*Asks:* 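Before we start, here is the structure in question, set down as structure tokens.
Computed over heavy atoms, backbone and side chain alike; hydrogens, waters and symmetry mates excluded. Given the structure is predicted, the values throughout are model-derived calculations rather than measurements.
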Amino acid sequence: MVNLWKEYKPKRGFWDCFCIPIQWFSMLSREMHWSFVFGVVVIYGISQGLGVALAEVGTKYYMKDVQKVQPSEAQIYKGITSIPWVVKPIWGLLTDVLPFFGYRRRPYFIFAGIIGVVSMLLLSLHENLHLVLALLSLTAGSAGVAIADVTIDACVAQNSISHPSLAADMQSLCAASSSIGSLFGFFISGVFVHLIGPMGVFGLMTIPAGLVVSVGFLLYEPRMHHTSYRQVKQNFVDASKAMWTTLKSEDVWRPCLYMYLSITLSLDVREGMFYWYTESKGGPSFSQESVGFIFSISSMGSLLGAILYQYALKEYAFRNLLFWTQLIYGLSGMLDLVLVLRWNLKFGIADYVFVVIVESIAQMTNRLKWMPMLVLSSKLCPSGIEGTFFALLMSIDNVGLLSAAWGGGFVLHILRITRTRFDNIWLAILIRNILRITPLWLLFLVPRADHNSSILPTTETVDSEVVIETSDSKNVELVSLVHSVDGK
């Protein structure tokens, strides 16, 4: 199938350069309905992009200044709060086979938003909240974002199957929305942490969560009639069998294994670096505003990565692209070593400038490494259980992130890196960078196919009748409830 973007691609000219994004959005809206584009922007851009950016900076200072935990402990707690993302198949399975009041998507958006609002209010209103309750609230807030994410992911995976030539464009839309949201979120995060403190930032987090609730109310989908809840158990069984059948395929489990190992081997020691940025006497000693601005500017690297992928790299084979992105990702990590050893000062480069460069390159290379794996994951989803299986694949990646976070926390603990001691921070970075290169020897697990190829064997495709009336939700649309009332 010819890439439909070519049909809508405007003629090259000075003014047309400014119109390309509008033309691209118009093409996606025309092919998959404007409501799909709107839904992706709300969930990825506002809830995950802006909201998660605020939560990340707020949580860092909350753990450091309010709960007063050590870097290794903060790294472990970060992994705990990400557990809802590990169990994404549960949320995906529920959205695929368990409707409420005749709807498969709308109730889950509403439920996710309510969880987020309640958990953020609890964190913002209690000054001396016990660490255990704080972790439970942070985990609940993470669960709200994860449930909303898996619901919109089901739409993305479904449209990737019905519009295979636009699979890469949809991932670019998701990445661009997330990157722009993160850019703005990080830009304001440091300022708000300084003005109202991390607890006040948690109060602001109720706004993105409330918007998720509004998406649930605005979601239009055909109501399912005569739904027999006696069949729910059988639907769970059928969907589980379909997932297991697909996962046993060599074309599926091999790239899944690579995705997990490549993420796990990239140890996460960012909490140690954050404490070094802000606490170390020999470090930069960045203020709260500076940290927010650094993360904000570095988000441009993520956006640049999405643009490079969309316009220059999406036609390359998965294996070739992953080789170069993984190699650059590993080598770019050495810049952190230059920073902590203070070599940048010997070259006359100020800490602020150098950290912005390092973080921007890290964000760009991480995005370039991540996007082909997202496209690959969307192409491994069998028809009929797209939401469930895509969530399963993403949970494998999130298990990798959890393993990387806990592995990084273990390294920080073994090297005795604390709130006041950073003598071995350079060794933690060196170990991380060496492990980042090792996935290059595992690329044989990745198919040689390109982004326009169908990877999932037809024999593994699941009949859509396995799932509750999937045909009723072939085109998930977000429109005003007024339209549904008027019968339009």
*Asks:* Working to the nearest 0.5 angstrom, can you tell me the gap between Leu261 CG and Cys256 SG?
*Replies:* 11.0 Å

*Asks:* State, with a plain yes or no, whether a side-chain heavy atom of Arg419 is found less than 4.5 Å away from one of Lys64.
*Replies:* yes

*Asks:* Looking at Ile46 and Leu211, what are the two nearest heavy atoms and their distance?
*Replies:* CG2-CD1, 3.5 Å

*Asks:* Of the options Ile328, Leu308, Thr325, which is the one that meets Met364 in a side-chain contact (heavy atoms from CB on, under 4.5 Å)?
*Replies:* Leu308

*Asks:* Evaluate the side-chain proximity of Pro198 to Asp65: yes if any heavy-atom separation is below 4.5 Å, no if none is.
*Replies:* no

*Asks:* Quick one: does Arg416's side chain have a donor or acceptor within less than 3.5 Å of a partner on Asp423's backbone?
*Replies:* no

*Asks:* Would you please indicate yes or no on a ring centroid separation below 6.0 angstrom for Phe202 and Tyr62?
*Replies:* yes

*Asks:* Rounded to the nearest 0.5 Å, what separates atom CD1 in Ile188 from atom CG in Leu195?
*Replies:* 11.0 Å

*Asks:* Going by heavy atoms in the side chains, are Tyr44 and Leu173 under 4.5 Å from each other?
*Replies:* no

*Asks:* Do Leu136 and Leu133 have side chains that approach each other closer than 4.5 Å (heavy atoms only, starting at C-beta)?
*Replies:* yes

*Asks:* Determine the minimum heavy-atom distance between Leu123 and Ser137, stating which atoms define it.
*Replies:* CG-CB, 3.6 Å

*Asks:* How far apart are the closest heavy atoms of Ser47 and Val212, and which atoms are they?
*Replies:* OG-CG2, 3.7 Å

*Asks:* More than 12 foreign heavy atoms under 6.0 Å from CZ of Phe184: is that the case here?
*Replies:* no

*Asks:* Taking C-beta and beyond as the side chain, do Leu267 and Ile431 meet within less than 4.5 Å on heavy atoms?
*Replies:* yes

*Asks:* Is the number of heavy atoms from other residues, nucleotides or ligands under 6.0 Å of Arg342 CZ greater than 12?
*Replies:* yes

*Asks:* The test is side chain to side chain contact (heavy atoms under 4.5 Å, CB included); show your working for Leu402 and Trp85 and say whether it passes.
*Replies:* CA-CA 9 Å; Leu402 177 62; Trp85 294 84; over 6 Å; no

*Asks:* With distance as the sole test, does Ser119 use its side chain to make a donor-acceptor pair with the main-chain N or O of Gly116 at under 3.5 Å?
*Replies:* yes

*Asks:* State, yes or no, whether a side-chain contact exists between Ile76 and Trp406 at a heavy-atom distance under 4.5 Å.
*Replies:* yes

*Asks:* With distance as the sole test, does Asn424 use its side chain to make a donor-acceptor pair with the main-chain N or O of Leu415 at under 3.5 Å?
*Replies:* yes

*Asks:* Ignoring hydrogens and geometry, is there a side-chain-to-backbone donor-acceptor pair from Glu359 to Gly301 under 3.5 Å?
*Replies:* no

*Asks:* If I take atom OG1 from residue Thr264 and atom CE from residue Met259, how far apart are they, to the nearest 0.5 angstrom?
*Replies:* 12.0 Å

*Asks:* Is there side-chain contact between Leu401 and Asp397, with heavy atoms separated by less than 4.5 Å?
*Replies:* no

*Asks:* Of all heavy-atom pairs between Ala362 and Thr365, which one has the smallest distance, and what is that distance?
*Replies:* O-OG1, 3.1 Å

*Asks:* Look only at the side chain of Thr206 and the backbone of Met120, and say whether a donor-acceptor pair between them is shorter than 3.5 Å.
*Replies:* no

*Asks:* Is it true that atom OH of Tyr352 has more than 12 heavy atoms of other residues, nucleotides or ligands lying nearer than 6.0 Å?
*Replies:* yes

*Asks:* Specify the closest pair of heavy atoms between Gln326 and Ser266, including all atoms of both residues, with the distance to one decimal.
*Replies:* NE2-OG, 4.3 Å

*Asks:* Asp268 side chain to Gly408 main-chain N or O, any donor-acceptor pair under 3.5 Å?
*Replies:* no

*Asks:* So, Tyr61 versus Phe274, ring centres under 6.0 angstrom or not?
*Replies:* yes

*Asks:* Taking Ser142 for its side chain and Leu138 for its backbone only, find out whether a donor-acceptor pair lies under 3.5 Å.
*Replies:* no

*Asks:* Is the closest side-chain heavy-atom distance between Val355 and Phe286 below 4.5 Å?
*Replies:* yes

*Asks:* CD/Gln70 to CD1/Ile417 distance, rounded to the nearest 0.5 angstrom?
*Replies:* 11.5 Å

*Asks:* Give the minimum heavy-atom separation between Asp351 and Leu345, together with the two atoms involved.
*Replies:* OD1-CD2, 3.8 Å

*Asks:* Which distance, rounded to the nearest 0.5 Å, do you find between the CZ of Phe187 and the OG of Ser182?
*Replies:* 14.5 Å

*Asks:* Hey, does the Lys NZ or Arg CZ of Arg436 hover above the aromatic six-ring of Tyr329, less than 6.0 Å from the centre and inside 45° of the axis?
*Replies:* yes

